Amino acid sequence: MANADQKKFMAQIDANKDSIIQRLAKAVAIPSVSGDAAYRKHVFEMADWLLAELKGLGATAELKPLGKQVLDGKELELPPVILGELGNDPAKKTILVYGHFDVQPALKSDGWDTEPFELVIDEKTGRMCGRGSSDDKGPILGWLNVVEAHTQLGLEMPVNLKFCLEGMEESGSVGLDELIEAEKDKFFTGVDAVCISDNYWLGTTKPCITHGLRGIAYYKLQISGPARDLHSGVFGGVVHEPMTDLFAIMSKLVTPTGEILIPGIKDLVAPLTDEEKQRYDVMDFTLDDINGATGSNSTVSEDKAKVLMGRMRYPSLSLHGIEGAFSEPGTKTVIPAKVIGKFSLRLVPDMTPEKVNELVTKFINDEFAKLGSKNTLTLTAEHGGKPWLADPNHWNYEAAIKATETIYGVKPDLTREGGSIPVTLTFADTLNKNVLLLPMGRSDDGAHSINEKLDVSNYIEGTKLLGVYLHEVAATK
Ligand SMILES: NCC(=O)N[C@@H](Cc1c[nH]cn1)C(=O)O
Ligand SMILES: [Zn+2]
Ligand SMILES: [Zn+2]
C-alpha cells in the first residue's frame, strides 16, 4: 500500500510521462556501441550527456578515466566510468546504483523495422523501439527520473544515492573491477546495499526480482593457413581449408539440443537439490512466454522446469559467428585464408572462467590435433566473469518485494537470470554488500536482438518501482 509521499511521487511520474520519454529518446539517439572501435566516440558522448543530466539534477558526479585497451589490433581509450553522489545524510541508508550506458551493435540492415538509434513509439501498442531502450538506458534514466520527480515536488529523497555507470558492460567491463577495488575505501565507503536494474521479467505480465546471474567465458578461435584467400576451383582439394577445420571443431563443442560436449564441464556444476527443483516447478511461467520472446516454437524441451533450469541454473554454450567468412549475397567461390569462430559459455556455480579456460583449451587443442591439419590454430580467451548468487533474505530484497507489490499488486517471482553482469559479483565480494537486481523490462524486449523495445508502461511503472523501492529501503530496519 502506497503512503502519501509515494502517491505524490507516483502521480508526478505520470505527469512527467512525455518529458521522461523525451529523455529516453535523447539517450537512444547516441549510438554508444562499446564493441566497435568506430563507435567509441559515441560512448564518450553518452558519458558526457549523462554526466550533464546527473549534475543538472543536483548530483555531484565525475568521469573516471580507465586507461586504454587494444581492440581488434588498435589501441583505444576506454570510456570513463561515471561516479556520482546525491545526498550524504548519515541518518539515511546509502544505495549504490549501477547501470551501463553502452549498447550492443545495431544496424538497420540487421533486420530492424525502424532506425535502431531513433526511439520510435508505436502509440497503439505502447512499444518504444530503439537500441538500448531496455538494455540499459531506460533503467538508468529511471533513476534520474526518480530524482527529478522528488526535486519537482520538494520531496526529500528517502536515501542517499551513489551512482556507478559504465560504458563497457557489453564488452567485458574492461577496467571496472580495478576501479572498484581502488575506490573501495573512497567513493564506495558508506554504501549499505546495491541495486542494479539491467535485466528482464521472466514473461510479459508478471514482475520479478532477481538474485542470480550466470557468468561468462568468451572465446575467439582463429584458424589460418594460406597467405591469402584462394580460388576454390584452383585450390579446393589441394590445401587444408581453415573454414573446414573451424567447422569440424566448432561442431564438436555442443549438440543441437544444447548439451555441452567438452569433457569436465558438467562435473563443475553444483548438483541440483530437490528443494531447488521444486522452485522451478512452481515458477509462474509457461512455454508461451519463451515462445513469445523468441518469436518461434523452438525450445529444446517441452518441460517448463527443464527450460527454466536451462536458462538459470545450468551452463550453456552458444556459437555466435565467424569473422572472415564469405557472408555476402551471391556465390563467391572463395576459400577464406583466415577465419575466427566466436563462441561463449554461460557459467553457473561452481564454474569459474579459469577452470573453464583450462578445459576448453585442452579440448580444442586435442580436437585440432586429430584433424592432422597443417593450418595454425590460435585460441584466445576474451572476457570472462564468474556467476553470482545472492541471499534474498535481506532488507534490500524485502524493500524490492514491497515496492513491487505497491506498483504491480502482485508478489514478484524470485528468479535467476541467464545473462551476465560480471560486476555484480565484484560489488558483492569487494564491498561485501547485498546486491539486488530489480528489472524494468519484459522478457520479449529483444535486448541484443533486432527491434529492441521498452514498453511505455514498463518505463513509467518501472520508474515508479525504482522510486518506491528507495522509499521502502528507508522504511526497513
Ligand atoms: N543486460 C546484461 C547483459 O546484456 N550482459 C551481457 C554482458 C556481455 C558479456 N559479453 C558481452 N556482453 C550479456 O551478454 O549477458
Ligand atoms: Zn545490460
Ligand atoms: Zn546487454
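The structure presented is a predicted model; accordingly, all values stated were derived computationally and were not measured. Counting convention: from 1, in listed order, for ligands and their atoms alike. As a basis for the values below, the full set of heavy atoms in this structure was taken, side chains included, without hydrogen atoms, waters or symmetry mates.
With salt bridges taken as basic N to acidic carboxylate O contacts below 4.0 Å, one links Arg23 and Glu53. Between Glu452 and Arg131 there is a salt bridge, since a side-chain N of the basic residue sits under 4.0 Å from a carboxylate O of the acidic one.
For the ligand labelled ligand 1, residue Asp135 lies inside the 4.0 Å heavy-atom shell.
With contacts defined as side-chain heavy-atom distances shorter than 4.5 Å, the pair Val103/Glu170 does not qualify.
Residue contacts with ligand 1: Ser171 is placed with no nitrogen or oxygen under 3.5 Å of a nitrogen or oxygen of the ligand (distance criterion only). Looking at Arg346 next to ligand 1, an N or O pair under 3.5 Å apart turns up. For ligand 1, the polar-atom distance check finds an N/O of His448 within less than 3.5 Å of one of the ligand's N/O atoms.
Contacts with ligand 1 closer than 4.0 Å are made by side-chain heavy atoms of Ile216 only, the backbone lying farther away. Proximity of Asp198 to ligand 1, defined as any heavy-atom pair under 4.0 Å, is shared by backbone and side chain alike.
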Trace of the ring pair (Phe, Tyr, Trp, His ring centres under 6.0 Å) decision for Trp201 with Tyr408: CA-CA 13 Å; Trp201 295 351; Tyr408 292 107; 5.3 Å; yes
For His394 and His211: C-alpha separation, side-chain torsions, deciding distance, then whether ring pair (Phe, Tyr, Trp, His ring centres under 6.0 Å) applies. CA-CA 11 Å; His394 189 278; His211 73 121; over 10 Å; no
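Rounding to the nearest 0.5 angstrom, the gap separating the CG atom in Leu389 from the CZ atom in Arg313 is 9.5 Å. The line from CD1 of Ile140 to CG of Leu466 is 11.5 Å long, rounded to the nearest 0.5 Å.
Below 4.0 Å from some heavy atom of Ile421 lie the following atoms of ligand 1, by number and element: 2 (C).
Listed by chain and number, the protein atoms of type N/O/S under 2.8 Å from the Zn ion (ligand 3) are Asp135 OD2, Glu170 OE1, Glu170 OE2, His448 NE2; waters are omitted.
Classification of the His320-Tyr218 ring pair by plane angle, with boundaries at 30° and 60°, yields parallel.
Checked against a 6.0 Å centroid threshold, the rings of His42 and Phe117 do not count as neighbours.
At the top of the distance list for atom 12 (N) of ligand 1, counting protein heavy atoms only, stands Glu170 O, 3.3 Å.
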